[in-house]
There are 2 protein chains.
Amino acid sequence: MPRVRLQDVAEHAGVSTKTVSNVVNDYPHVTPEMRARVLASIAELGYRPNATARRLATGRTGTLALAVSDVSIPYFAELARTVARQAAARGYRLLLEQTGDSIEAERSMLLGRESGLVDGLIFQPSRLETAELARYTLHAPMVLIGENAAPDSVDNVMIDNVRAARRVTDHLVGLGCRRIGFVGHEAGGISETSRQRLEGLHAALRDAGVPVLPELEIATSAIGAAQAEEAVGAALDAGIEVDGFFCRDDLSALGTLRALRVRGVAVPDDVAVVGWDDVAWAPFVQPTLTSVRPNTERLAQIALDLLEERIAGESGPGRHLIVEHSLVVRESAPASRPR
Amino acid sequence: MPRVRLQDVAEHAGVSTKTVSNVVNDYPHVTPEMRARVLASIAELGYRPNATARRLATGRTGTLALAVSDVSIPYFAELARTVARQAAARGYRLLLEQTGDSIEAERSMLLGRESGLVDGLIFQPSRLETAELARYTLHAPMVLIGENAAPDSVDNVMIDNVRAARRVTDHLVGLGCRRIGFVGHEAGGISETSRQRLEGLHAALRDAGVPVLPELEIATSAIGAAQAEEAVGAALDAGIEVDGFFCRDDLSALGTLRALRVRGVAVPDDVAVVGWDDVAWAPFVQPTLTSVRPNTERLAQIALDLLEERIAGESGPGRHLIVEHSLVVRESAPASRPR
DNA sequence: TTGAAAGCGCTAACAG
DNA sequence: CTGTTAGCGCTTTCAA
């Protein structure tokens with residue numbers, strides 16, 4: 001790791017630092033001979049500009065941060081892939097922050113003990129609430145994603161959870177389900193995400209004249225297939241009667257499918273199951289999973305658009321944008337079912 | 001975003017910048033009164049140290065990079081989670097780089113057009129070969145992970161692929177399989193990872209006196225369940241005769257399971273299936289998947305240990321370390337099978 | 001224990 | 001079109 005500075009190149013080439021800088025930054029107005037001479041010196045000395053010094057001088061870091069609770073959750077993994085790719089295409093690097101579902105971690109990530117670390121932040125809160133969020137002085141522009149009710153002052157992009165949840169419910173009701181269970185909301189303090197999905201479920205049931213049965217709502221200790229399998233299994237063993245399960249996410253659906261299978265309950269004949277996120281493996285499990293698919297590419301694109309505007313200085317009130325979703329119908333809750 | 005500098009705090013508190021710096025960095029030798037006065041000013045002005053300036057002055061970035069082809073591949077997602085977590089515990093942030101399976105991207109990531117971006121790099125190559133890797137002058141210390149044969153000069157941590165593959169093969173042979181197919185090596189240019197797994201398969205078959213049948217090796221156009229389903233489906237439709245499938249990774253196994261299911265082939269009764277990586281959903285699919293489980297926590301820990309030693313100045317020859325693995329036996333290739 | 005001043009490596013006015 | 005020079009905000013000798 002040789003330590004060659006811009007100035008070394010300048011001396012070697014017999015020009016000023018400004019000229020070298022111009023060449024490195026592809027500025028126009030440099031004679032071809034100068035440029036060639038400088039490039040030759042750069043190659044000979046193996047010069048690489050120092051990112052830190054450049055940042056200090058320009059005030060831009062060329063880096064964005066993405067903060068989610070856990071990248072290994074399939075939806076977040078796919079989101080990270082998409083955001084990283086699109087950010088790279090726009091010339092940004094991506095810093096990954098995991099809050100691990102802890103409100104403390106979310107706070108300290110927002111407060112950021114240092115400034116000038118990133119140019120902007122894309123954040124999917126899982127525990128922090130609007131009111132608190134609105135109080136903070138951020139160290140960089142931020143765009144919120146996901147279904148948390150964002151404060152009016154902050155940009156936010158999400159899918160319409162209530163509407164999507166209504167659609168899931170309508171689909172199940174259309175299949176003849178009258179006792180629809182819900183799986184996967186947090187046992188210890190429900191998240192805004194789960195709250196909105198439950199709200200959509202309830203609203204659609206009421207509209208359809210189907211009774212709302214809170215006793216069929218099965219909370220889990222954490223997001224995950226194992227937790228869902230355990231909770232659903234316990235409920236089934238306790239004699240719960242359902243003919244459909246609306247799962248908070250595909251991971252819960254996976255656990256639910258297994259709990260049902262182990263007990264010999266047929267899907268979709270006895271119980272229909274719908275998941276949420278339409279992760280990569282949804283079309284491959286047995287039975288293939290009906291699921292809500294958010295348009296993640298578009299979500300990432302809009303989030304980055306909003307963020308770049310903020311970085312460029314936009315200072316208006318927070319914009320709250322909705323990204324489309326669709327319901328991908330597969331075997332676990334097909335278009336229609338023999339009765 | 002107020003712009004408060006260290007100097008502003010110093011003036012406000014009526015002390016020198018050095019004193020403020022001492023307080024911010026928790027240096028000893030500061031009188032309690034001074035410290036209190038400075039902290040009060042910091043709070044009042046809302047001062048946050050500027051990360052970039054600090055980096056330039058100290059030469060440390062406090063950031064590591066993790067480079068993999070695609071974070072949404074379940075194994076990489078889990079690896080990223082683990083590395084990010086452990087890096088955070090050691091006081092580092094994590095920059096995520098995706099090479100998207102392109103050799104160009106891997107090259108430019110190594111060459112790094114800027115220096116001083118990160119203190120170190122953890123890299124899982126998928127296309128780049130040892131010889132080329134060894135030629136580069138890196139801009140930061142690097143540790144290689146995964147099964148690529150690393151150059152002697154570079155640190156590397158991996159699992160013993162050949163041994164694990166032999167174990168998988170022995171397991172299948174023990175189950176009575178005599179025509180074992182392999183699924184998921186790259187159709188266009190095999191990777192070192194796949195090569196080693198095939199090598200283990202062949203060696204174990206020879207040792208067991210079972211014929212090696214290359215015609216049962218099914219390449220795929222890319223890593224993924226869909227690609228595997230397509231390739232395996234085509235092979236089955238063409239009349240391939242197998243009694244076991246050794247899949248390059250769990251994604252291939254998932255596609256293989258589906259291809260078999262769709263065609264009414266019973267797993268494990270007609271065909272046993274083994275995957276690799278033991279990703280989170282392996283115990284939940286139908287049938288549950290037998291898979292090779294690398295010790296990812298340990299892999300990450302060792303990689304970070306090696307990297308921190310390099311960052312600290314260690315300059316000896318490359319160390320090549322092996323991390324343990326295990327074979328997790330589940331329904332798709334159980335301990336024994338009725339014959 | 002605290003203060004003054006010299007960089008860290010680069011960019012960007014401003015001249016020339 | 002190219003050179004000079006003054007910062008960017010922090011850390012860190014070296015004195016006091």
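Every chain is numbered from 1, with letters handed out A, B, ... down the list of sequences. Just so it is clear, the values below take in all heavy atoms, side chains as well, and ignore hydrogens, waters and symmetry mates.
- Side-chain contact of B:Glu186 with B:Ser191: a donor-acceptor pair under 3.5 Å is present, judged by distance alone.
- In the region residues 32-41 of chain B, proximity to DNA chain C at under 4.0 angstrom, judged on heavy atoms, holds for B:Met34.
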Check your understanding: In B/S/- notation, 5' to 3', how is nucleotides 11-16 of chain D contacted by protein heavy atoms closer than 4.0 Å?
Key -> BBB---

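- Defined by atom type and a distance below 3.5 Å, a donor-acceptor pair is present between the side-chain atoms of A:Thr63 and A:Arg93.
- Regarding A:Ile42, its CD1 atom lies at a distance of 10 Å from the P atom of C:dC10, rounded to whole Å.
- For the pair A:Leu56 CG and D:dA6 P, the interatomic distance rounds to 17 Å; values are reported in whole Å.
- In terms of modelled atom types and a separation under 3.5 Å, the side chain of B:Arg310 and the main chain of B:Pro141 share no donor-acceptor contact.
- If you take CG of A:Asn50 and C1' of C:dG9, they are 6 Å apart, rounded to a whole angstrom.
- A salt bridge links A:Glu114 with B:Arg54: the closest approach of a Lys/Arg side-chain nitrogen to an acidic carboxylate oxygen falls below 4.0 angstrom.
- In this structure, B:Glu114 atom CD and C:dC8 atom C1' are separated by 16 Å, rounded to whole Å.
- Taking atom CZ of residue A:Arg60 and atom C1' of nucleotide C:dA12, one finds them 16 Å apart after rounding to whole Å.
- Checked by atom type and distance alone, the side chain of A:Thr82 pairs as donor or acceptor with a backbone atom of A:Glu78 at under 3.5 Å.
- For the residue pair A:Ser126/A:Glu106, the side-chain donor-acceptor check at 3.5 Å is satisfied.
- Overall bending of the helix from C:dT1-D:dA16 to C:dG16-D:dC1, expressed as the angle between end axes built from five pairs apiece, is 30° (10° steps).
- With rounding to whole Å, A:Gln7 atom CD is found 16 Å from C:dA12 atom C1'.
- Checking D:dT2, C:dC10, C:dT2 against the side-chain heavy atoms of A:Arg5 singles out C:dC10 as nearest.
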